[in-house]
Amino acid sequence: QFKPYTTSQRKQTTPKRDAPMSTATAKNIGHITQVIGSTFDAQFAQDQLPDIYNAIKIEASDNTSNGFSADSACSFSNCSAEANGGRGFGANIGCSFDHCAAKNNADTGFNTSVSCTLSHCSSYSNLGSGIYVSTGSTIEACSVRFNTLDGIACTSACTIRGNTLSSNGNTGDGAGIHATNNDNRIEGNTCTTADRGIDVDGTGNIILRNTCSGNTMNWDIVAGNAL
């Protein structure tokens, strides 16, 4: 069961769609000086200011606990969490993640509560599952590889669409996609080289247009689901 997090809330706003990205962004490295509610202050050297509309990429690494911990209704864009002692990202109700990455964390890469959305994210070589979401969440167009447990794990009424998953259950036991409860829609995913390609424990799930290949067991689906 999801437990609320107690560390500081972090939010990341997405830049204007038509804003050009500077090729010098990688050189403009600053530091967050304070976080107050949903806002933060970032400090840059005078000669390393990023363009005003550029996205600020936030990296969290080598923390003893989670890389990022957030309360409800937070948004993350272009953030990365690597080599943290807990989860890469931990988030409460109604959070969204876009183009974020979790790698080499000591627990789950992304762990969220209900009604969360992950899009175009990657989760690689974490010691728990790659992505775990709770009821009513959506995961789409994500790349999930080499995690110790499941690639994607979801509970109920979730949409898992268009993801690429490979080599999950690495040194552990896991499925590419593992639906532990009912009424999920699992569509158009590619699951390869895991212990199980798609593993469904509950009923009333819709599973269609997926590709499972090279897994120890490609399909492990109980009766009472629509294929």
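Any value given below was found using the heavy atoms of this structure, including those in side chains, with hydrogens, waters and symmetry copies removed.
Annotation for S113 and C116: closest pair O-SG, 3.6 Å, computed over non-hydrogen atoms. Contact record, S123 with G130: OG-O, 2.8 Å, taken as the closest heavy-atom pair. The two atoms that bring N184 and A179 nearest to each other are ND2-CB, 3.8 Å, heavy atoms only. Residues V200 and I207 share a closest heavy-atom pair of CG2-CD1, 3.9 Å.
For the residue pair T193 and S167, a side-chain donor N or O sits within less than 3.5 Å of a side-chain acceptor on the partner. Using a 3.5 Å distance cut-off with no hydrogens or angles, the side chains of S213 and T192 do not pair a donor with an acceptor. No side-chain donor-acceptor contact under 3.5 Å links N105 and T108. Between the side chains of N104 and S125, at least one donor-acceptor pair of N or O atoms lies under 3.5 Å. Looking at S166 and R145, their side chains do bring a donor and an acceptor atom within 3.5 Å of each other.
Using a 30° and 60° split on the angle between ring planes, H99 and H120 fall in the parallel class, below 30°. Classification of the F68-F89 ring pair by plane angle, with boundaries at 30° and 60°, yields parallel. The aromatic rings of F110 and F97 sit perpendicular, their planes meeting at an angle over 60°, well past the 30° parallel limit.
A donor-acceptor pair is defined here as one N or O able to donate and one able to accept, closer than 3.5 Å; no such pair exists between the side chain of N170 and the backbone of N168. With hydrogens and angles disregarded, a donor-acceptor distance shorter than 3.5 Å links the side chain of N84 to the backbone of A60. Not a single donor-acceptor pair under 3.5 Å links the side chain of S115 to the backbone N or O of G94. A side-chain donor-acceptor contact under 3.5 Å links D150 to the backbone of A175. Side-chain atoms of N163 come within 3.5 Å of backbone N or O of A141 as a donor-acceptor pair. Proximity of a side-chain donor or acceptor of N66 to a complementary backbone N or O of G86 within less than 3.5 Å is not detected.
The list of ring pair (Phe, Tyr, Trp, His ring centres under 6.0 Å) pairs with a residue in residues 166-185, not counting sequence neighbours, is empty. Listed by first and then second residue, the ring pair (Phe, Tyr, Trp, His ring centres under 6.0 Å) pairs that reach into residues 151-173 come to none, sequence neighbours excluded.
Counting only heavy atoms from C-beta outward, the side chains of I186 and I198 approach each other to under 4.5 Å. Within the 4.5 Å cutoff, side-chain heavy atoms of V133 are placed close to those of T112. The shortest side-chain heavy-atom distance between N126 and T148 does not fall under the 4.5 Å cut-off. Contact check for I206 versus N225: no side-chain heavy atoms found under the 4.5 Å cut-off. For the pair N210 and W219, the minimum side-chain heavy-atom distance is below 4.5 Å. Looking at R196 and N215, their side chains never come closer than 4.5 Å, going by heavy atoms from C-beta outward. Put simply, the side chain of I152 does not reach to within 4.5 Å of the side chain of S129, judged on heavy atoms.
Rounding to the nearest 0.5 Å places CZ of R185 at 6.5 Å from CZ of R161.
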- Task: Dump the intermediate steps for side-chain hydrogen bond (donor to acceptor under 3.5 Å, both in side chains) on T190 and T164, then the final yes or no.
- Result: CA-CA 5 Å; T190 300; T164 302; 5.2 Å; no

